[in-house]
Chemist: 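Before I ask anything, here is the structure I am working with.
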Amino acid sequence: MNALEIHCISKSYGAHQALQCINLSVPSGSRTVIVGPSGSGKTTLLRMIAGFEFPDTGRLSFNGQTLVDETHEVPAHQRLIGYVPQDGALFPHMTVAANIGFGLSGKRAVRHERIAELMDSVALDANMANRWPHELSGGQQQRVALARALAQQPRLMLLDEPFSALDTGLRATMRKLVGRLLADAGITTILVTHDQSEALSFADQLAVMRQGRLVQSGDPQDLYRYPEDEHTALFLGEAVVMPARIEAGWAHCDLGRVLVNNHRNNSSATIMLRPEQLHLVDVRSASDGAHGCRAVVTERDFSGNSCTLTVELQPSPEGELPGRSLMVRSSGLYAPPAGSVVHVSAMGHAHVLSRS
Ligand code: ADP
Ligand code: MG
């Protein structure tokens with residue numbers, strides 16, 4: 001069942017259209033990630049769901065109840081939606097415990113116990129209860145903000161770039177902790193980020209935004225593998241994009257013949273492969289008639305467990321042009337050195353972009 005339904009939400013600030021007819025369904029209990037470059041409208045959309053901004057047109061509903069449409073508005077405090085803003089926004093003049101307990105009612109002892117529970121759930125040490133926000137690290141501040149939002153027992157949690165201030169190691173740890181915590185509590189979550197690897201790792205459902213539009217949504221693996229256009233392909237990771245002629249299920253391109261996932265013949269298609277789909281072998285061990293082509297390794301960027309190679313393809317027999325350069329991911333231990341002559345072939349299918 002879908003928890004949140006977003007129907008053609010639009011919003012302009014003066015002449016600038018921040019959101020252009022956004023449609024998205026968020027399944028109950030899911031982790032939906034909205035990813036897009038800075039300025040694409042992610043925060044505006046999240047604030048609209050929370051009830052801090054109002055759309056010019058469109059409708060939002062949650063579990064069948066209208067939150068906002070042209071005639072009706074449920075105020076933010078009645079939506080039971082938790083919101084952790086981009087900067088955490090802790091009250092600077094309140095201790096950790098007071099921040100977390102801000103919206104809690106009831107007897108002092110009960111509140112105290114609930115605050116301790118919430119601190120424990122976000123892995124904050126009990127002795128931090130009396131600290132001030134400025135005495136906490138970025139990761140600890142984010143956890144306090146999350147505990148404060150959880151205290152309201154929300155039906156939906158909105159997280160705006162919650163890990164962006166953290167360094168890489170802590171980021172991954174926090175992402176796992178928060179993901180597990182929200183899943184255990186059965187809270188539907190929407191996370192916003194501009195970081196593609198974070199998006200791919202956290203999402204059950206991924207929605208890509210660009211310039212106020214939602215350009216594609218779906219399963220993260222599908223979006224990574226089958227982006228609709230080159231822009232989305234490159235936003236979600238490194239990609240090899242090249243022109244091709246499609247005939248009878250094969251792409252004829254600078255790499256020779258490559259299988260494709262779209263069998264419609266097309267003399268001017270654009271195909272995409274991920275660098276990890278390209279496979280290199282020493283040219284002497286390539287079997288005769290193997291698909292693929294010859295290339296020379298021109299650059300080698302070693303980063304421990306993996307190595308990114310730039311290879312220059314042998315120019316096509318009919319072409320005078322220099323060969324196309326491609327990026328190939330190889331194991332760090334077995335990467336051929338620069339200058340090696342190799343045979344490059346594609347594993348699996350190339351994806352035919354529906355828009356270039
Ligand atoms: P993101 O979170 O993806 O970085 P935002 O939603 O913050 O993007 O902003 C989208 C666009 O809308 C930006 O161009 C931003 O300048 C503009 N915008 C957002 N809020 C306002 C506002 N209150 N007034 C005017 N322009 C705004
Ligand atoms: Mg933002």
Side-chain angles (χ1 to χ4, degrees), residues 4-24 26 31-60 67-68 73 75-76 79 81-90 138-139 141-146 148-149 154 156-168 171 174-175 178-179 182 188-203 205-218 220 223 227-229 231-237:
L4 181 74
E5 296 277 4
I6 304 175
H7 300 277
C8 198
I9 288 283
S10 295
K11 175 78 178 177
S12 291
Y13 296 108
H16 178 73
Q17 201 167 4
L19 297 177
Q20 300 187 41
C21 190
I22 305 287
N23 286 294
L24 184 67
V26 176
R31 298 203 299 215
T32 291
V33 174
I34 300 173
V35 67
S38 180
S40 55
K42 306 179 299 293
T43 296
T44 306
L45 182 60
L46 222 52
R47 287 174 55 77
M48 209 156 272
I49 299 166
F52 303 129
E53 290 280 354
F54 295 95
D56 299 332
T57 54
R59 189 163 76 84
L60 279 178
L67 294 181
V68 62
E73 258 169 41
R79 292 190 182 189
I81 294 178
Y83 177 54
V84 179
Q86 203 156 349
D87 53 5
L90 297 180
Q141 289 185 19
Q142 279 293 351
R143 277 179 272 172
V144 176
L146 183 66
R148 186 177 63 182
L156 173 67
M157 182 67 88
L158 308 175
L159 303 170
D160 196 349
E161 311 240 10
F163 315 121
S164 60
L166 313 179
D167 57 44
T168 320
R171 238 175 139 121
M174 272 292 286
R175 190 161 69 216
V178 170
L182 292 165
T188 308
T189 302
I190 303 179
L191 178 139
V192 152
T193 179
H194 64 268
D195 178 325
Q196 50 88 10
S197 65
E198 182 163 294
L200 291 166
S201 125
F202 196 83
Q205 172 177 239
L206 186 60
V208 180
M209 284 190 72
R210 188 157 72 239
Q211 296 178 335
R213 293 175 194 274
L214 201 157
V215 289
Q216 197 173 353
S217 64
L223 261 64
E228 281 177 13
D229 57 32
H231 210 295
T232 306
L234 290 168
F235 186 69
L236 294 179

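Values below: all heavy atoms of this structure, side chains included; hydrogens, waters and symmetry mates excluded. Counting convention: from 1, in listed order, for ligands and their atoms alike. On a predicted model such as this, the values are computed, not experimentally measured, just so you know.
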Chemist: To check your reading of the model: name the closest protein heavy atom to atom 8 (O) of ligand 1, its residue, and the distance in Å.
Modeler: G41 N, 3.2 Å

Chemist: Does some side-chain heavy atom of Q211 sit less than 4.5 Å from a side-chain heavy atom of Q17?
Modeler: no

Chemist: Does K42 reach the main-chain N or O of P37 with its side chain, forming a donor-acceptor pair under 3.5 Å?
Modeler: yes

Chemist: Give yes or no for whether the N/O distance cutoff of 3.5 Å, strictly under, is met between E53 and ligand 1.
Modeler: no

Chemist: Let me check your reading of the structure: within less than 2.8 Å of the Mg ion (ligand 2), is there an N/O/S atom from T44?
Modeler: no

Chemist: Among the heavy atoms of G39, does any lie under 4.0 Å from an atom of ligand 1?
Modeler: yes

Chemist: Taking the side chain as C-beta and beyond, is there a heavy-atom pair between V35 and L206 under 4.5 Å?
Modeler: yes

Chemist: Got the closest protein heavy atom to atom 27 (C) of ligand 1, with its distance?
Modeler: Y13 CD1, 3.2 Å

Chemist: Between H16 and ligand 1, find which residue part has any heavy-atom pair under 4.0 Å and reply side chain, backbone, both or neither.
Modeler: side chain

Chemist: Which of the atoms of ligand 1 are close to S38, meaning less than 4.0 Å from one of its heavy atoms?
Modeler: 4 (O)

Chemist: For side-chain hydrogen bond (donor to acceptor under 3.5 Å, both in side chains), just list the numbers for E198 and T193, CA-CA rounded to whole Å, side-chain angles, deciding distance to a tenth of an Å, and then say yes or no.
Modeler: CA-CA 7 Å; E198 182 163 294; T193 179; 3.3 Å; yes

Chemist: Considering T44, V35, L45, V192, which one's heavy-atom position lies nearest to atom 6 (O) of ligand 1?
Modeler: T44

Chemist: As an exercise, identify every atom of ligand 1 less than 4.0 angstrom from a heavy atom of P37.
Modeler: 3 (O)

Chemist: Yes or no, since that's all I need: does a protein heavy atom fall within a distance strictly under 4.0 Å of atom 25 (C) of ligand 1?
Modeler: yes

Chemist: For atom 7 (O) of ligand 1, what's the nearest protein heavy atom and its distance?
Modeler: T43 CB, 3.7 Å

Chemist: Got a sec: does the NE2 of H7 have more than 12 other heavy atoms crowding it under 6.0 Å?
Modeler: yes

Chemist: Please test R175 against D195 for salt bridge (Lys or Arg N to Asp or Glu O under 4.0 Å), starting from the C-alpha separation and ending with a verdict.
Modeler: CA-CA 12 Å; R175 190 161 69 216; D195 178 325; 5.8 Å; no

Chemist: Under 4.0 Å from a heavy atom of A18: which atoms of ligand 1 are those, numbered in the order shown and with their elements?
Modeler: 12 (O)

Chemist: Between R47 and D160, does any NZ, NE, NH1 or NH2 come within less than 4.0 Å of an OD or OE carboxylate oxygen?
Modeler: no

Chemist: Are F54 and E73 side-chain neighbours, meaning at least one heavy-atom pair lies under 4.5 Å?
Modeler: yes

